[in-house]
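The first residue in the sequence is number 1, and the count goes up from there. Just so you know, ligand 1 is whichever comes first in the structure, and atom 1 is the first atom listed for that ligand.
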Amino acid sequence: MAARRLSLLLSRTASSNPFLRGNNSRLTRGAFSYSTSAAIEEPLTPSVKVDYTQLLINGKFVDSASGKTFPTLDPRTGNVIAHVAEGDSEDVDRAVAAARKAFDEGPWPKMTAYERSRILLRFADLLEKHNDEVATLETWDNGKPYEQAAKIEIPMVVRFFRYYAGWADKIHGLTVPADGEHHVQILHEPFGVAGQIIPWNFPLLMFAWKVAPALACGNTIVLKTAEQTPLSALYVAKLFLEAGLPPGVLNIISGFGPTAGAALSSHMDVDKLAFTGSTETGKIVLQLAAKSNLKPVTLELGGKSPFIVCEDADVEKAAELAHFALFFNQGQCCCAGSRTFVHERIYDQFLEKAKALAVNRVVGDPFKAGIQQGPQIDTEQFEKILRYIRLGVDSGATLETGGERFGSTGYYVQPTVFSNVQDDMLIAKEEIFGPVQSILKFKDLGDVVRRANTTRYGLAAGVFTQNIDTANTLTRALRAGTVWVNCFDVFDAAIPFGGYKMSGQGREKGIYGLNSYLQVKAVVTPLKNPAWI
Ligand code: ADP
């Protein structure tokens, strides 16, 4: 079970981060649960240097054309970590031109697939070697627990690149019998220049979901990172160069959505676009793609995923998994199980356990060992979450625990649990993207299926039951791109991911992730030369 595996991992990995200054073992004793309303202690100082802050264009780190920079902030304090080059449309033009040249003139798509695969594998080896530095940057920029970044996420990124490196030389087309008079070959070819826009909640993992399949298929890339988290992608870009990736194959633009992101989405020379972010921004990106050159777009958007705890469930285990499904990564997951439906017969018992888990959740400096929850990403999200909590209270839901800021600096929010949540409350309808669990009561399977599906989203769902018939009924009835049964957030590279309804279009990961980066070409030749030749 993912929750159990994760907690085991976290408990086994007393922090050994070599990139922190200070006596870590002494400081780890400062980890505390939020119920002790002590202020957050002095944050640990990462000693990793931020060496890469420029844009990566055509194999070189360069300033933005305007010379402008923007600050990237530490969510623990709101302090500036570094000033990063701010890309805009002129930089996007330069990056697209470099990617175009690397595609049209080579060497990337002209290399053998085996050579491309070797470069991806070399990159994965280098990333594995630099795991802890990258994880440190990721935690610093994003606020996620270091142990999560170092033991789970960066290793997953490595695995992603190895998985798609394995595909690179196994992508081939078909021959079809057709009319018996023609030899018909179906070729699978790279699109060309892929534009990719990623979010801040899993910066390097989202980078991997996009970059690995695109490169394996032979595309070249211009990727825009989220303005909140530009650092890890720039660091690994250097590793790509070291691995032998030719100039122009991967270009990285740091910058803002309405400027750099919009320029990439509407660029006439970008052949394919992939976006992960909010549904609202997804609509904008799709429009920009349509209004420019009709480039195909893959979208991975928001969610309001149900987590259904059935009557037969072991209540303690169900509460643990539901807690993990919502609170993991500070609740900042598009697939978070943010509507916890619990059968009425076990509802009260479940609520007690859910509340106890939230009260005991260990919140604090994400660099400290044993910390389960760090700060939210930025002041905007922090305030949005507190606003939703107030809305929950005002609409009549029962605030069981939490509900306020945690500590007095940075963007920490207390783990929060609401009971008596009704389907029409905004906290049950909209994506909060924070550590706020909404618990709803249901009577029978028909009732819960109807209510779980009454949402504009359809990204994921969780089912907790010991009854195979119940599991089969629910997995078929739920309208979502992923249904986890007795587990949650299992993200192997081979498992496709994507949304029904307004949670997205297309799939990433696994074999399905390749389709997004391949054109299909039919080549038709007569079996016998026609008489007129
Ligand atoms: P959030 O609200 O969680 O920050 P967004 O969907 O706004 O999520 O952001 C996800 C990514 O989309 C980020 O890289 C962001 O810069 C980018 N983005 C935001 N607005 C636009 C836009 N108008 N055009 C293209 N990209 C955008």
Problem set entry | Distance flag, aromatic centroids of W167 and Y517, threshold under 6.0 Å | no
Exercise. Just which atoms of ligand 1 are under 4.0 Å from any heavy atom in A226?
Worked result: 14 (O)
For this session: List every atom of ligand 1 that sits less than 4.0 Å from any heavy atom of G261, numbering the atoms from 1 in the order shown and giving each element.
Result: 24 (N), 25 (C), 26 (N)
Exercise. Is any N or O atom of F256, backbone or side chain, closer than 3.5 Å to an N or O atom of ligand 1?
Worked result: no
For this session: Of all the heavy-atom pairs spanning D365 and Y412, show the shortest one and how long it is.
Result: CA-OH, 3.5 Å
For this session: Using distance alone, decide if ligand 1 has a nitrogen or oxygen within less than 3.5 Å of any nitrogen or oxygen in T281.
Result: yes
Exercise. Does W209 have its ring centroid less than 6.0 Å away from the ring centroid of F497?
Worked result: yes
Exercise. Looking only at protein heavy atoms, which one is nearest to atom 12 (O) of ligand 1, and how far off is it?
Worked result: F275 CE1, 3.2 Å
For this session: Enumerate the atoms of ligand 1 whose separation from the nearest heavy atom of V285 is less than 4.0 angstrom.
Result: 25 (C)
Problem set entry | K509 to Y512, cation-pi by 6.0 Å centre distance and 45° axis angle | no
Problem set entry | Minimum-distance protein heavy atom relative to atom 3 (O) of ligand 1 | W200 NE1, 3.2 Å
Exercise. Has the side chain of S516 got a donor or acceptor atom that lies under 3.5 Å from a matching backbone atom of R507?
Worked result: yes
Exercise. Does N201 come within less than 4.0 Å of ligand 1, judged by its heavy atoms?
Worked result: no
Exercise. If we ignore angles and hydrogens, is there a donor and acceptor under 3.5 Å between the side chains of K101 and T220?
Worked result: no
For this session: Would you please indicate if the ring centroids of F488 and F324 are separated by under 6.0 Å?
Result: no
For this session: Could you check if a side-chain atom of K304 sits within less than 4.5 angstrom of a side-chain atom of K429, using non-hydrogen atoms only?
Result: no
For this session: Could you tell me which atoms of ligand 1, counted from 1 in the order shown, lie closer than 4.0 angstrom to a heavy atom of I284?
Result: 23 (N)
Exercise. Under 4.0 Å between a Lys/Arg side-chain N and an Asp/Glu carboxylate O for D492 and R159?
Worked result: yes
For this session: Could you tell me whether E242 and K129 have a side-chain N and a carboxylate O separated by less than 4.0 Å?
Result: no
Exercise. Is a side-chain donor-acceptor pair under 3.5 Å present for D91 with S64?
Worked result: no
Exercise. Does the distance from a Lys or Arg side-chain N to an Asp or Glu carboxylate O, for R387 and E380, drop under 4.0 Å?
Worked result: no
Exercise. Are any of the heavy atoms in T225 under 4.0 Å away from ligand 1?
Worked result: yes
Problem set entry | Nearest protein heavy atom with distance in Å, relative to atom 17 (C) of ligand 1 | I197 CG2, 3.7 Å
Exercise. Is L288 in polar range of ligand 1, meaning some N or O pair under 3.5 Å apart?
Worked result: no
For this session: Pull out every atom of ligand 1 sitting under 4.0 Å from any heavy atom of I198, numbered as shown with elements.
Result: 11 (C), 13 (C), 14 (O)
For this session: Report yes if K224 has an N/O atom closer than 3.5 Å to an N/O atom of ligand 1; otherwise report no.
Result: yes
Exercise. Which protein heavy atom lies closest to atom 24 (N) of ligand 1, and at what distance to 0.1 Å?
Worked result: G257 O, 3.3 Å
Exercise. Which of the atoms of ligand 1 are close to T276, meaning less than 4.0 Å from one of its heavy atoms?
Worked result: 10 (C)
Exercise. Any non-hydrogen protein atom below 4.0 Å of atom 7 (O) of ligand 1?
Worked result: yes
Exercise. How does L264 reach ligand 1, if at all, at less than 4.0 Å between non-hydrogen atoms: by side chain, backbone, both, or neither?
Worked result: neither
Seminar exercise, completed: With heavy atoms and a 4.0 Å threshold, my read on which part of E227 contacts ligand 1 is side chain
